[in-house]
There are 2 protein chains.
Amino acid sequence: MGSDMQLKGDARLNERLATSGFRFTPQRQHVYNVVMGKRDHPTVEEVFIRAKQGMPEISMATVYNCLDALVTCGLIKHVNLDRTATRYCPNMKEHCHFYCESCGEVFDVDYTAQGSQKGLKVPEGFRVKQYEVSLRGVCRNCEAKAGRG
Amino acid sequence: MGSDMQLKGDARLNERLATSGFRFTPQRQHVYNVVMGKRDHPTVEEVFIRAKQGMPEISMATVYNCLDALVTCGLIKHVNLDRTATRYCPNMKEHCHFYCESCGEVFDVDYTAQGSQKGLKVPEGFRVKQYEVSLRGVCRNCEAKAGRG
DNA sequence: CTAGGTGCAAAAGGTTTGCGGTTAA
DNA sequence: TTAACCGCAAACCTTTTGCACCTAG
């Protein structure tokens, strides 16, 4: 995984930023690489920590700015499942999120929409831009721990 | 709707609290009444403000405590759709939430599950306790405003 | 009686904002 | 050239915590 490709902007990011009226900056490219580089659901803090490796002078405010831009561009999604920090998800294909009430971790769950939106009675005049499914429960790890008491 | 009934605990609340190992307190009854009394999605702050009418000495910490207890008892749900404050929902029948990206308000949307969970590929060992659907977009009000420019 | 709950106030996150300097387009 | 963006630091808002007192069971 060439971490050198982050020096120049890749085409997709460049194009998306432009479309949404954002400038290309090395920070945005770097944050993009950091978030896409690991298939998990980092908080802003975690993105910040990872981003500092390879760009030590980057600031928290910039990480917020970059993540917001990437969300607006439709390149990542934000995930709010509890009252702690917002998390970010680099997986844009249809899936849903499992939130573990015990450890707070977020897992992707495969999901085929298969007409699930049919049951929705969205009132007249409302414009739906995103449909999202989430699950709460206990993950395998925590189940095992609980079992061992 | 007799606001006097809040003086003594109603049977359902009493029972649910006991089942989950909580004590009955006037504060919990009052917060319960406040949240159930209006079919919307108040923040903790909003619940606090409403609760002070009729119980002026109640504290923020207690409101948090009461809401947490009510959630644990399965009498209300918490709703996290953006990175601002957590909201609470008194509607426990199956429905989903529409979050307006423009004004931040949350609306209930009727919803019949009708096998929508079939498409889910929840990994082995995960225990699902709650299934939730949410929508993002622009509500009728904000659409109208945008239209008028 | 006493574990659990309350109110208060301070602390701890998480997020936003203001500002002077920098830079992509 | 200049509006957008950056880094820094302070402000802001939401949530949690510690503690002395109180109370439901």
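Each chain gets a letter, A, B and so on, in the order its sequence line appears, and its residues count up from 1.
Atom CD1 of A/Ile58 is separated from atom P of C/dT23 by 15 Å (rounded to the nearest Å). Following rounding to the nearest Å, A/Phe24 (CZ) and D/dC6 (P) show an atom-to-atom distance of 11 Å. Atom C1' of nucleotide C/dA3 and atom CZ of B/Phe22 are separated by 14 Å, given to the nearest angstrom. In this structure, A/Glu45 atom CD and C/dT15 atom C1' are separated by 12 Å, rounded to whole Å. Spacing between atom CZ of B/Arg23 and atom P of C/dT6 amounts to 10 Å, rounded to whole angstrom units. The distance between atom CZ of A/Arg83 and atom P of C/dA12, rounded to the nearest whole Å, is 19 Å. Going from atom CG of A/Leu17 over to atom C1' of D/dC5 covers 12 Å, rounded to whole Å. For A/Phe48 and C/dG14, the CZ to C1' distance is 13 Å, given to the nearest whole Å.
Listed for the B/His30 side chain is a donor-acceptor partner under 3.5 Å among the backbone atoms of B/Ala51. Checked by atom type and distance alone, the side chain of A/Arg83 never pairs as donor or acceptor with a backbone atom of B/Thr86 at under 3.5 Å.
Put simply, B/Thr25 has no side-chain N or O that comes within less than 4.0 Å of OP1 or OP2 on D/dA24. For the OP1/OP2 pair of D/dT23 and a distance below 4.0 Å, the side-chain nitrogens and oxygens of B/Gln27 include no atom meeting the criterion. In this structure, B/Thr86 reaches the D/dT15 phosphate: one of its side-chain N or O atoms is under 4.0 Å from OP1 or OP2.
Of the candidate nucleotides D/dC5, C/dG7, C/dT16, C/dT16 has the atom nearest to the side chain of A/Tyr64. Proximity note for B/Ala61 (side chain, C-beta onward) versus C/dT15, D/dT17, D/dC6: the nearest is D/dT17. The side chain of B/Ser59 lies closest to C/dG7, out of D/dT15, C/dG7, C/dA24.
A salt bridge does not link A/Glu132 to B/Arg136: none of the charged nitrogens lies less than 4.0 Å from a carboxylate oxygen. Between B/Arg87 and B/Asp82, no side-chain nitrogen of the basic residue sits less than 4.0 Å from a carboxylate oxygen of the acidic one, so the salt-bridge criterion is not met.
Each of B/Arg28 and A/Met60 lies near DNA chain C, and the nucleotide nearest B/Arg28 is the one positioned closer to the 5' end.
Counting non-hydrogen atoms under 4.0 angstrom, B/Thr43 reaches nothing in the nucleic acid.
In this structure, the side chains of B/His97 and B/Cys89 come closer than 4.5 Å at one or more pairs of heavy atoms.
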